[in-house]
Amino acid sequence: MKSLLGSPSTVTTDVLIIGGGGAGCEAAIFAQKAGAQSTCVVEKGVIGASGCTVMGTYSCCAALGFADPRDNPQVHFEDTDAGGARIGDPELMRIYAEEAPARVLELADWGVPFEKEGGKLKQAHMEGHTYPRAVFADMRTGQAMQWGLRRKLKKTPRIQRFNDVQVYRLLVADGRVFGAVGLSRKTLTPIRFLAKATIIATGGCGQLYIPNTTSLDNTGDGLSIAFEAGAPLMDMEFVQFFPMCWVYPIFPGRNRTVSSFLRYLPGCRLLNNRGEDFISRKYPDWGKTLTRDLLSQAIFREVIEGRGSPHGGVFADVTAASKEEIEKHLALGNLLHTIQTMGIDLKREPIEVSVASHFLMGGIQIDARGASRVPGLFAGGEAVAGIHGANRLGGNALSEILVTGARAGEHAAQFAKNQKESPPLFSLQTEWEDWIERLLVKPRAGTSPRSFRKPLQEMMWKQAGVIRTGKNLRVCLDELSRLHSSFERDLGLSQGPGAYHMELAEAIETRLMLPLAKGIVVAALRREETRGAHLREDFPEAKEEWRTNLILTRAKDEILCQKRS
Amino acid sequence: MGRQDSARDVTSSLIIQRFQPEIMKAPILREYQVPLGPGFTVLDGLNYIYENLDSSLAFRASCLAGLCMVCLIQINGRIQCPCKTPMAKEMKLAPLPNKKVIRDLVVDLDP
């Protein structure tokens with residue numbers, strides 16, 4: 001690539017980890033422990049800060065058996081399997097349930113301040129879990145875990161950290177992965193990472209939808225590049241939506257999930273624009289017991305059928321709750337105070353809530369070692385499929401990233417140890433670099449990368465959101481195709497080369513997001529049943545023939561979608 | 001309701017330290033007028049500038065919830081997260097002190 005601000009460079013390493021969130025940090029720590037001579041963590045944002053781990057509000061589940069000695073990994077496995085509507089990978093789920101306790105205790109050893117009771121980790125009860133098994137650190141469990149992992153990572157030797165490097169393609173030869181190429185956002189030049197083993201830990205793709213609860217970085221980069229490199233993706237139709245995210249009024253600087261706490265107030269009602277309580281009749285104790293998928297579906301239906309609130313949600317009304325109850329349930333994170341300083345009186349008026357894309361159950365298909373189907377490519381964290389099946393239980397994500405991250409790190413290191421051959425020569429002038437150069441060298445009037453984002457997100461929410469039909473999904477495929485053509489034809493950057501080029505970063509992300517969006521829709525169209533988070537109005541029952549997984553593979557410009565054999 | 005919708009002709013002045021080290025000798029200050037609505041944060045202001053006034057402006061953002069600290073900058077001399085700082089009628093924005101500036105409000109956080 002023409003030298004823009006600096007010269008391209010090459011970094012050689014045993015293990016390359018793409019993504020510096022919870023799973024990425026854990027993978028690096030375990031890779032080093034397993035004997036990797038060199039490990040690179042490469043992050044398009046800031047290691048130990050970007051991504052969704054740091055945003056985790058509440059729970060991290062593990063069958064420690066402290067709160068209830070009847071709890072054990074077998075029960076956790078059964079709960080996870082049931083929660084996943086019976087299509088989780090039994091081996092992966094079992095490993096997860098068995099190893100979560102050790103990983104969580106380790107984090108406590110490393111100084112993460114989980115709450116304790118009587119000298120032991122305190123455990124709370126989350127929906128879908130038979131026993132209380134969620135450890136937590138105030139209302140900032142994810143942040144506490146992420147900061148603990150970051151501290152540990154910084155103390156771990158033989159790890160190189162690269163912030164502000166945006167990986168956009170993997171290095172593939174003879175059906176094997178030999179590393180990746182990332183754009184340094186500081187110098188605007190490519191860095192070629194030659195690695196004996198590569199781990200994808202880039203999270204999910206919540207940013208394909210709006211509203212969402214995720215970090216802005218959650219654009220699915222790792223999934224997209226893995227897919228492009230030949231790694232099959234699995235369960236992509238299973239997107240978890242989080243019910244009762246706030247949409248109006250705007251709660252500045254507050255995680256969209258905080259309004260979900262209103263559901264636990266006795267007397268909380270969800271109303272549509274006709275003032276009807278659309279949920280209590282079918283689910284009388286919904287506030288405490290209704291799982292996320294069913295609650296999301298109920299809310300989404302009101303919106304999509306025209307009975308929603310002015311800003312695209314429904315009304316959450318706690319005017320009947322007592323002042324004391326409101327104070328008690330919203331004391332957490334000073335939320336009530338924030339709401340009051342905005343002039344909102346929850347005893348006088350409702351707020352508007354909707355459903356937001358929250359988590360991707362699907363991802364890269366892996367085996368028990370965290371290895372994808374492509375030799376040399378591993379994955380951990382939200383980026384993997386198989387543990388949460390069709391629907392994730394609350395609290396299982398923050399512990400899953402530790403288990404799958406650690407295993408990917410360990411096995412990647414072992415794999416690297418056995419790699420003796422030198423990698424082939426990889427050019428730094430491929431179609432990708434040509435495309436980047438064209439965009440930068442000739443700034444022009446055109447459609448900005450950001451302009452493509454909202455139409456994509458709104459389209460996905462509406463046509464491939466909580467409630468799906470074959471008709472809407474086909475419309476979505478057409479619209480995606482049009483959007484893709486427009487992106488290829490009309491994209492223009494207004495700025496020439498320069499450090500930390502915002503437009504270019506967004507353009508790269510959008511280019512990676514488009515095929516991923518298509519993959520989700522293709523899988524959603526193919527699964528003609530309703531299961532877990534995937535609801536097909538035209539196929540409203542779960543079918544035994546569908547108690548399997550859908551695998552997506554790339555064939556030229558087509559996406560092949562097949563049942564797992 | 002509709003408090004946050006009310007069309008008000010209120011704007012805020014954001015005075016931002018701009019610096020592109022590879023082509024500029026020293027930072028300069030540039031002033032932008034952005035709409036000021038109830039509930040608007042400083043980050044909303046930055047996004048408004050980037051989308052409508054000046055797409056050369058560089059800044060970080062990730063969680064939008066005051067948790068990740070990725071967006072940290074100086075706001076009127078105090079280090080804060082623009083994602084949770086309400087916008088006021090006039091504010092001076094600068095990058096974190098004592099760090100090498102990559103561009104505008106983005107500093108080098110590499111070890």
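- For A/E506, the part sitting under 4.5 Å from any heavy atom of chain B is the side chain, from C-beta outward, and nothing else.
- Between A/F193 and A/F162, the distance separating the two ring centers is shorter than 6.0 angstrom.
- Between the side chain of A/T214 and the backbone N or O of A/N218 there is no donor-acceptor pair closer than 3.5 Å.
- Interface summary for chain A: among B/Q20, B/E51, B/R60, the most heavy-atom pairs under 4.5 angstrom belong to B/R60.
- Contacts of A/R450 with chain B are made by side-chain atoms alone, with heavy-atom separations under 4.5 Å and no backbone atom involved.
- Counting heavy-atom pairs closer than 4.5 Å to chain A, the top residue among B/V106, B/I23, B/L109 is B/V106.
- A donor and an acceptor atom, one from each side chain of A/S309 and A/E352, are located under 3.5 Å apart.
- Ranked by heavy-atom pairs shorter than 4.5 Å toward chain A, the options B/D104, B/T85, B/L43, B/N47 are led by B/N47.
- Figure legend: cation-pi geometry between A/R185 and A/Y500, with NZ or CZ positioned under 6.0 Å from the six-membered ring centre and within 45° of its axis.
- Proximity to chain A (any heavy atom under 4.5 Å) is restricted, for B/T41, to the side chain, taken from C-beta onward.
- A donor-acceptor contact shorter than 3.5 Å is absent between the side chain of B/Q80 and the backbone of B/L72.
- In this structure, chain A has heavy atoms under 4.5 Å from both the backbone and the side chain of B/F59.
- One finds a salt bridge joining A/K44 and A/E509 here, because a Lys/Arg side-chain nitrogen approaches an Asp/Glu carboxylate oxygen to under 4.0 Å.
- Proximity to chain B (any heavy atom under 4.5 Å) is shown, for A/S448, by neither the backbone nor the side chain.
- Looking at A/N255, the atoms closer than 4.5 Å to chain B (heavy atoms on both sides) sit in the backbone and in the side chain alike.
- Counting heavy-atom pairs closer than 4.5 Å to chain B, the top residue among A/S50, A/G142, A/C52 is A/S50.
- No hydrogens or angles considered: a donor-acceptor pair under 3.5 Å links the side chains of A/T187 and A/S184.
- At a 4.5 Å heavy-atom cutoff, the contact between A/E503 and chain B is made by backbone and side-chain atoms alike.
- Taking a cutoff of 4.0 Å between a charged side-chain nitrogen and a carboxylate oxygen, A/K186 and B/D108 qualify as a salt bridge.
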